[in-house]
Amino acid sequence: MGKSLLDKVWERHSVRELESGQTQLFIGLHLVHEVTSPQAFAMIREAGLGVPFPDRTFATVDHIIPTDTQVRPLADGQAETMMSAIESNCREFGIRLFTPESGHQGIVHVIGPELGLTQPGMTIACGDSHTSTHGAFGAVAFGIGTSQVRDVLASQCLAIQRPKVRRVEVTGRLRPGVYAKDVILDVIRRLGVKGGVGFAYEYAGEVFDAMSMEERMTVCNMSIEGGARLGYVNPDRTTVEYLRGRSFSPTGDAFARAEAWWTSMASDPDASFDDRVSIDGGGIAPTVTWGINPGQAIGVDEKVPAAAAFAADERATVEDAYEYMGLAAGQAIAGTKIDVAFIGSCTNGRLSDLREAARVARLGRVKPGVKALVVPGSQAVARAAEAEGLHETFRAAGFEWRLPGCSMCLAMNPDKLSGRQVCASSSNRNFKGRQGSPSGRTLLMSPAMVAAAAIEGAVVDVRDFLSKAPA
Amino acid sequence: MTDQAKKSALLPVTRVSGRPIPLPGNDIDTDRIIPARFMTAITFDGLGELAFRDARFGADGKPIEHPMNDPRFQAKGPRVAIVNKNFGCGSSREHAPQAMWRWGVQALVGESFADIFFGNCVAMGIPCVTASEADVTALQRAVEADPSQDLVVDLDAMTATRGGTSVPVSMPEGARTQLLRGTWDATRILVDALPKVRETADRLPYVGGFAR
């Protein structure tokens, strides 16, 4: 019987079996940001521990950093305190920190891959649930809490139980106007927000084979929204070519050795899985969430479903969602008025996302009364987008072009919804209050769909929108 | 030093007894438990009173109907929360269990827990045990009817007991062992194996930059 990628990576990184039956797992890459790390550094200091592998941890600032101006000191005193804390913590323990001055700052899950830090066959941990993003490279990458950040700093290891593996196959070809975001929203809609608890998702099949690395990152990013702490795509030519020439990628003969090792970590053809599901990619439509969790999603041409269509134990959440969102069963989601449009985040803040959104932005202007933000995922994404003139495209269409950060995905910075505003968002969570207003409402969709919604002032099928456009 | 830090490592968690509080609902996410805007701080101090802030208070600051605002569930001392499915989904923020801990929650009984939340609780020495849907909902109803009796979570017997009634509970064996043996604070154990950690690292070709 062959082995899955998870089997192989787990074996290579297992330091020992603990008395509890868990694995002491070596973490090859530890990523740190300003929100979940200060308490961990304090615990290290309090316990008199050190950081034995400082060169395997990299840090940046993304959650609290403003996107209008990043001039120090930051206007928000608490944000400035957090910024200063990560600077002094990294200095004290010898950890490399990518600040805005470095030119490499950005959302932690955007910069890891673009710098070539994220590589196949690695174990990667970060105090952030969207660490699953890095699984796009065939890494075993997952989010941890602050006490576990402390453990990784102190030992470069975690005490952890091996997850089961579910192979999620998406076959066929996606229709035009259907993006990676729609694929993952569709997967979560089918398997549920708790369907992945205890599992790693292995994404396989023609649809993922055909995807770019950035598209794979969008899919793996939202694994956690389906309950799976990690998700991965097996490394292939696309992965190897993406990594060639990146700052932290090996070069010359070392790259050839790396390539051989990376591809050897892919699941064997006869690997066994704890579960398998298959979805027809050709049947996926542009998808929008209508409720208060990412599984409450429908095709843009569908109507808000009736509570009776859900399992008995989901109906209370469905009723709660109708009330919170101000939507009723049977109502079309297309045509839902929006107040804010947000393009960015670790899910959809990369160059290809901005290109797709810009393609739509060229077709019109942001509807008066709608606030539309484009927030590149990193300084490198911003530079590349500006080199192509995308910032001018967005500005000409009435979008604001901002500085890199997490921005309105979780609103730990000045970018927030107010009151009951409705936001068309390319981010990952439509939880109650997620975007900074306790009564704010979020509709998740692809960046192209967000751009179309900004112009229409309402949810619209990006395919109709594109077809109405002059040739 | 925080309460949490004062808890010594190798402190076994065998039995937690506390006033029960039902927190009903499936898929209660960590943004709900602690909204992100309260996380702009470099310590966990003061999070207790902010737990479930937006579910407990309206925009005008006035209390909304919520078990944590219910006068019947205000008894001081340790508490045991009774929750439903996929509790703690979403963000990895340890601020969520830290906020609950600081509000007094020392154990949770639920139908199921999100993976990262569960792991964070173990790392803090907070047991999250699961019971059947029927047992959890019956327990929530019983506590609603009479909040005055303590709920006891016993990790040795794997039961949750209130009054004379016990229900069976479960927990993954690894986490249970960590709690029972007091090794839930894993740092020292992991650090003890540093020589072996270095050997493992040396065997990984990427650690050496694929130089050989």
Asker: Counting distance only, does the side-chain N/O of A:Gln78 pair as donor-acceptor with the main-chain N or O of B:Ala41 below 3.5 Å?
Answerer: no
Asker: Checking A:Arg257 side chain against B:Ala211 main chain: does a donor-acceptor pair fall under 3.5 Å?
Answerer: yes
Asker: Could you tell me which portion of A:Ala228 (side chain, backbone, both or neither) has an atom closer than 4.5 angstrom to a non-hydrogen atom of chain B?
Answerer: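 Contact with chain B: none, neither part.
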Asker: Of the backbone (N, CA, C, O) and the side chain (C-beta and beyond), which part of A:Leu153 lies under 4.5 Å from a heavy atom of chain B, both, or neither?
Answerer: neither
Asker: Name the region of A:Pro52, side chain, backbone, both or neither, that has any atom closer than 4.5 Å to a heavy atom of chain B.
Answerer: both
Asker: Side chain, backbone, both or neither: which part of A:Ala154 has a heavy atom under 4.5 Å from chain B?
Answerer: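 The answer is both parts of A:Ala154.
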Asker: Name the region of A:Thr251, side chain, backbone, both or neither, that has any atom closer than 4.5 Å to a heavy atom of chain B.
Answerer: neither
Asker: Would you check if B:Glu94 and A:Ile144 make a side-chain contact, meaning some heavy-atom pair closer than 4.5 Å?
Answerer: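 SC-SC contact between B:Glu94 and A:Ile144 ruled out.
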Asker: Could you tell me which residues satisfy salt bridge (Lys or Arg N to Asp or Glu O under 4.0 Å) with B:Arg37, sequence neighbours excluded, listed by chain and number?
Answerer: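 Salt bridge (Lys or Arg N to Asp or Glu O under 4.0 Å) check on B:Arg37 returns B:Asp54.
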Asker: Is chain B contacted by the side chain of A:Glu34, its backbone, both, or neither, given a heavy-atom distance below 4.5 Å?
Answerer: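 Contact with chain B: none, neither part.
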Asker: With a 4.5 angstrom heavy-atom cut-off, which part of A:Ala159 approaches chain B: side chain, backbone, both or neither?
Answerer: both
Asker: Tell me, for B:Leu194 versus chain A, whether the close heavy atoms (under 4.5 Å) come from the side chain, the backbone, both or neither.
Answerer: side chain
Asker: Flag the pair B:Arg212 and A:Asp253 as a salt bridge only when some basic side-chain nitrogen lies within less than 4.0 angstrom of an acidic carboxylate oxygen.
Answerer: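 Here B:Arg212 does not pair with A:Asp253 in a salt bridge, since their nearest N and O are not under 4.0 Å apart.
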Asker: Is it the backbone or the side chain of A:Phe53 that comes under 4.5 Å from a heavy atom of chain B, or both, or neither?
Answerer: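 Contact with chain B involves the side chain of A:Phe53 alone.
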Asker: Identify which part of A:Ala85 has an atom lying under 4.5 Å from any heavy atom of chain B, answering side chain, backbone, both or neither.
Answerer: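 Just the side chain, heavy atoms under 4.5 Å.
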Asker: Can you say whether A:His13 sits under 4.5 Å from chain B via the side chain, the backbone, both, or neither, judging by heavy atoms?
Answerer: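 Both parts, backbone and side chain.
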Asker: Give, as side chain, backbone, both or neither, the part of A:Thr146 having an atom under 4.5 angstrom from any heavy atom of chain B.
Answerer: both
Asker: Anything in residues 408-416 of chain A with a heavy-atom distance to chain B below 4.5 Å? Please list those residues in order.
Answerer: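 Residues A:Leu410, A:Met412 are the ones that qualify, each having a heavy atom under 4.5 Å from chain B.
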Asker: Taking only residues two or more places apart in sequence or in another chain, which ones pass side-chain contact (heavy atoms from CB on, under 4.5 Å) with B:Thr200?
Answerer: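 side-chain contact (heavy atoms from CB on, under 4.5 Å) check on B:Thr200 returns A:Val15, A:Phe26, B:Arg203.
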Asker: Go through A:Arg150 and B:Thr187 one step at a time and tell me if the side-chain hydrogen bond (donor to acceptor under 3.5 Å, both in side chains) criterion holds.
Answerer: CA-CA 8 Å; A:Arg150 169 204 60 195; B:Thr187 319; 3.0 Å; yes
Asker: Measure distances from B:Ile189 to the heavy atoms of chain A and classify the residue's part below 4.5 Å as side chain, backbone, both or neither.
Answerer: both
Asker: With the side chain counted from C-beta on, respond yes when A:Gln161 and B:Val122 share a heavy-atom pair under 4.5 Å apart, and no when they do not.
Answerer: no
Asker: So for A:Thr123, is it side chain, backbone, both, or neither that comes closer than 4.5 Å to the heavy atoms of chain B?
Answerer: both
Asker: Are B:Lys85 and A:Asp313 ion-paired here, with the side-chain N under 4.0 Å from a carboxylate O?
Answerer: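 Salt bridge: yes.
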Asker: If I measure from the heavy atoms of chain B, does A:Met82 come under 4.5 Å with its side chain, its backbone, both, or neither?
Answerer: both
Asker: So if I take each residue of residues 107-118 of chain B and look for any heavy atom under 4.5 Å from a heavy atom in chain A, which residues do I end up with?
Answerer: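 When heavy atoms of chain A are the reference, residues 107-118 of chain B contributes B:Phe113, B:Asp115, B:Ile116 within the under-4.5 Å range.
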Asker: At a heavy-atom separation under 4.5 Å, does A:Gln39 approach chain B through its side chain, its backbone, both, or neither?
Answerer: both
Asker: Parallel, tilted or perpendicular: which one describes the rings of B:Tyr206 and A:Trp261, with boundaries at 30° and 60°?
Answerer: tilted
